Amino acid sequence: MHLAVPLVAGALLFGLGIYGVLARKNAVLVLMAVELMLNAVNLNLIAFGAYLRDRFRTGEVTTLFVVTIAAAEVGVGLAIVLLLYRRRESVDLDRATELREEAA
Amino acid sequence: MTTFDVVIALLAATSVGAAALVVTTRQVVHAALWLVVSLAALAGCYVVLAAELVAWVQVLVYVGAVVVLMLFAVMLTRAPIGRSADTDGARLGAAVVATAMTATLVVLLLKSFGDVRVDLKARPVGNGEVIGSALFRSWVLPFELLSLLLLAALVGAVVLTRDDIEGEQ
Amino acid sequence: MSSAAWLLPAIPFAAALLGALPACRTRPRAAAIALTGATTTALVALLLLPSALDDPTRVRLDRLLIAPAGALQVLAGTRFDSLAAVVAVMVGVVALAVQVYSVGYLHDDLRYPSYAAQVSLFTSAMLLVVVASDLLELLVGWEVMGLCSYLLIGHYRELDYARRAAVKAFLVTRIGDVGMLLGVAVLGTAAGTTDIGELLAAVPRLPHGALVAGSLLLLLGVAGKSAQFPLHVWLPDAMAGPTPISALIHAATMVAAGVYLVARLHPLFLASTVTLDVLALMAAVTMLLGALAAFAQDDLKRLLAWSTTSQLAYMLGALAAGGYDAGLLHLMVHASAKALLFLAAGLVLHAVHTGALSQMRGVARRMPVAALALIVGGLTLAGLPPFAGAWSKDSVLAAMKSAAGGSGPGPDQFEGVLLYLAGLATVLITAAYVARLLLILLAPPAPRGDLHEPRLSMAQSVTALTVTCGVSTFLALPDALPSWLPAPAGAREGIELSVGGVTLTAIGVLAVFAALWLYSHAGARDPVLLLGSSQRRLRSGFGVDALYDRGAVRPTRSVAAAVAETDASAINHAVEGIGRSAVRTSSSLRVVGAGRVRSYLAALIAGVLLVVVSVAVVV
């Protein structure tokens, strides 16, 4: 099997995830795009694991870890989104501009 | 060109196509459903790549739990069912950056691994027994640490979402 | 003994430094330091005099290389000969008299300590000019004198006109100093040395152009320092300073420096007929202008100031006519007379608290010390025998007459004749203003009311100077001086004195005295009324000041105003515009920091990509 096939697929997924993170305003949609990026990484890990064939099955184990961490991330992320919604009745990220410099 | 190539290419194409819809559709609920398709296709890829356990975990955790969480969030934030106009911000800049990133990654990967072949039958399939023994022999410590991380995330999520917890003041 | 010449500038300099210390800024300490310094200086000058006069042709040199400036070897050191010795005595004695006098005159002045230190510095600078062996060294003293005159003329800095006078004196002499500096540069370049002795030795070898240009430029400096037309305008205004300072400037230091420089470099000037012509014309114009203006003054000190201008022109005229000894003799005699007159005038001013002559009618009748001093000084100034002024003035006139006759060194005959005629006329006008001064101050009846008693130190120094001035009569007697001051090669040797000349001068002076006495006695009138409507014009010195005001001061001011305006409008606005545009640019860039996390993230990713790609390309 060509290793390039999963690798290119992973790259495309990663790019799409970036696009989603940058283009979307809805916080839930941004979280979905983040999941896409994580999965792109997972695909790479599995593909390289199959290629390297190491005794510790590093690729697969690490993928499991990433999945775990992603689950935690989604949990905390969605909690933040809900908090945001409760505070402002909106999940529009463009309106969460507290980092803006105060007008002089 | 082997059967593996064909199968994995089809699955990857499905996944990428569904992902493209995830990040472009105007309907929030549709995005979540397309995410299911994309992640499920990825699980198929894992099966082809002989990572059986990971494929199951992918289906259970992602397709099952995470997407359900997403749908809950969609509902709790009262996202409109159907098209909504305010899903996207500045798309051009995002498209440029994303394209540049993708192009860079593709070029780098193809230059480095463009002609590498993988023999998928050369080692045991990564089923529960194989991965489980690797996990609990070689990876015990990170595994235990991850349980702590999950606990922390759990507590954090609870603290964040509940507003009836008194602070120290 | 000769190596002690460096003490002459060093002692007053040390006194000035000590006087500037904060610990010495109390009145008694400042007075003690200043008086000790001045006394020691005068003593050293007197002690050095005999050995210098023993062998008048000998020049004692002590030199030290301080700066090898390329081809020019700048040597600092002392050049002490009979000329330097005599002038040093003059400076030392007058400075001592002034310091003693000042203790009384500035009794109630809070700034006396700094004043005393400045006078010491002034004396030091003048003595440096006197003993300098190198033109650049001389220039240092020359410039420090300019600074001191600025500080001392502006001593009453609360008074607007005093500040103006100080600035005017500084700027006008500065014009001359620029010429002086350029002249030194021209001569130094042409001769390859700025050492006075070597420069004078090199005079015959110098190219004619460099000689003329250099001496004319030096002459500009002389005109500035010695208040000669057209740079004489600062001297009358300099009367804004304290009266002892006027005495110091007029007798010993500032204005004497110009004459001294011409005497010091006399062979250089004699070698250039063009320069002598200019000098002769300058002296002729200045002596007439100064004498006429002096006659028309309403203010005692301004009268004396214009008189100084006129008398300095005598000295320079004598030097222009080649009369080396005559010019220096007159310098000496005038120094003692003018110092005496100024200090006596200070007594009068101190008594009546005004400088206006109209307020002083008969004042001197109540002040015997001042009256005696004024008579001795005034008659010396007028040149009436047996006072020393008669001999010096007659020798000056004799030198001018020979120049007018076209014999010996000197300017062309035309300028010589002009100079001689101006000199003769000035004798009479001098007699007239001296007569006017004495007639006003001594006219009966003596005024009633309180007169401010002079303080002891003032009376002492005036008395001492009166005696000195009287004694100088004998020192200046014919045949006494020539053996003191051997004239440099080419100059007229000795004093030419004729009994007939002295008699004629005396008769003329007496005639003027008598005429004015009759005029004023007849109706208690001020002789100045004789001038009628032309008094105003004469009093202002023929309007030279107004001319400069229109021609130089106002255009300069308007240019300055235009520059200030340009600075405020164009340059300032440009600077502010840069600031404002920076603010505008940054506030437009502020859009980037609008708080949208997504755009931050996009920039972050783009940056990471840029790094990765560039690393990949390089590797």
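Throughout, a chain's letter reflects where its sequence line sits, starting with A, and its residues are numbered from 1. What you are looking at is a predicted structure, and each value in this text was computed from that prediction instead of being measured.
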Student: Can you give me the closest heavy-atom contact between A:Val28 and B:Ala73, atom names plus distance?
Tutor: CG2-CB, 4.2 Å
Student: In terms of heavy-atom proximity below 4.5 Å to chain A, should B:Thr77 be classed as side chain, backbone, both, or neither?
Tutor: both
Student: Starting from the C-alpha separation in whole Å, work towards a yes-or-no answer on side-chain hydrogen bond (donor to acceptor under 3.5 Å, both in side chains) for B:Gln58 and A:Asn39.
Tutor: CA-CA 9 Å; B:Gln58 171 87 356; A:Asn39 276 283; 2.9 Å; yes
Student: Just checking A:Phe65 against B:Phe143, ring centres under 6.0 Å apart?
Tutor: no
Student: Using side chain to side chain contact (heavy atoms under 4.5 Å, CB included) as the criterion, point out the one residue from B:Val118, B:Val6, B:Ile8, B:Val48 that pairs with A:Val5.
Tutor: B:Ile8
Student: Side chain of B:Trp139, backbone of A:Phe56: donor and acceptor closer than 3.5 Å?
Tutor: yes
Student: Where the side chain of A:Arg57 meets the backbone of B:Ala51, is there a donor-acceptor pair that is under 3.5 Å apart?
Tutor: no
Student: Do you know which two heavy atoms are closest between B:Met70 and A:Leu78, and how far apart they sit?
Tutor: N-CD1, 4.0 Å
Student: Between A:Thr63 and chain B, which part of the residue has a heavy atom less than 4.5 Å away: side chain, backbone, both or neither?
Tutor: side chain
Student: Looking at every non-hydrogen atom in both residues, tell me the closest pair between A:Tyr85 and B:Leu76 and how far apart they are.
Tutor: CE2-O, 3.5 Å
Student: Chain A heavy atoms under 4.5 Å from B:Phe72: which part of the residue, side chain, backbone, both or neither?
Tutor: neither
Student: Could you tell me which portion of B:Val116 (side chain, backbone, both or neither) has an atom closer than 4.5 angstrom to a non-hydrogen atom of chain A?
Tutor: both
Student: I'd like to verify something: which residue of A:Val21, A:Val91, A:Thr68 has the highest number of heavy-atom pairs under 4.5 Å with chain B?
Tutor: A:Thr68
Student: Identify the two heavy atoms, one from A:Leu43 and one from B:Tyr46, that lie closest to each other, and give their separation to 0.1 Å.
Tutor: N-OH, 3.7 Å
Student: Heavy-atom distances under 4.5 Å only: say whether B:Leu42 touches chain A with side chain, backbone, both or neither.
Tutor: side chain
Student: Identify which part of A:Ser90 has an atom lying under 4.5 Å from any heavy atom of chain B, answering side chain, backbone, both or neither.
Tutor: neither
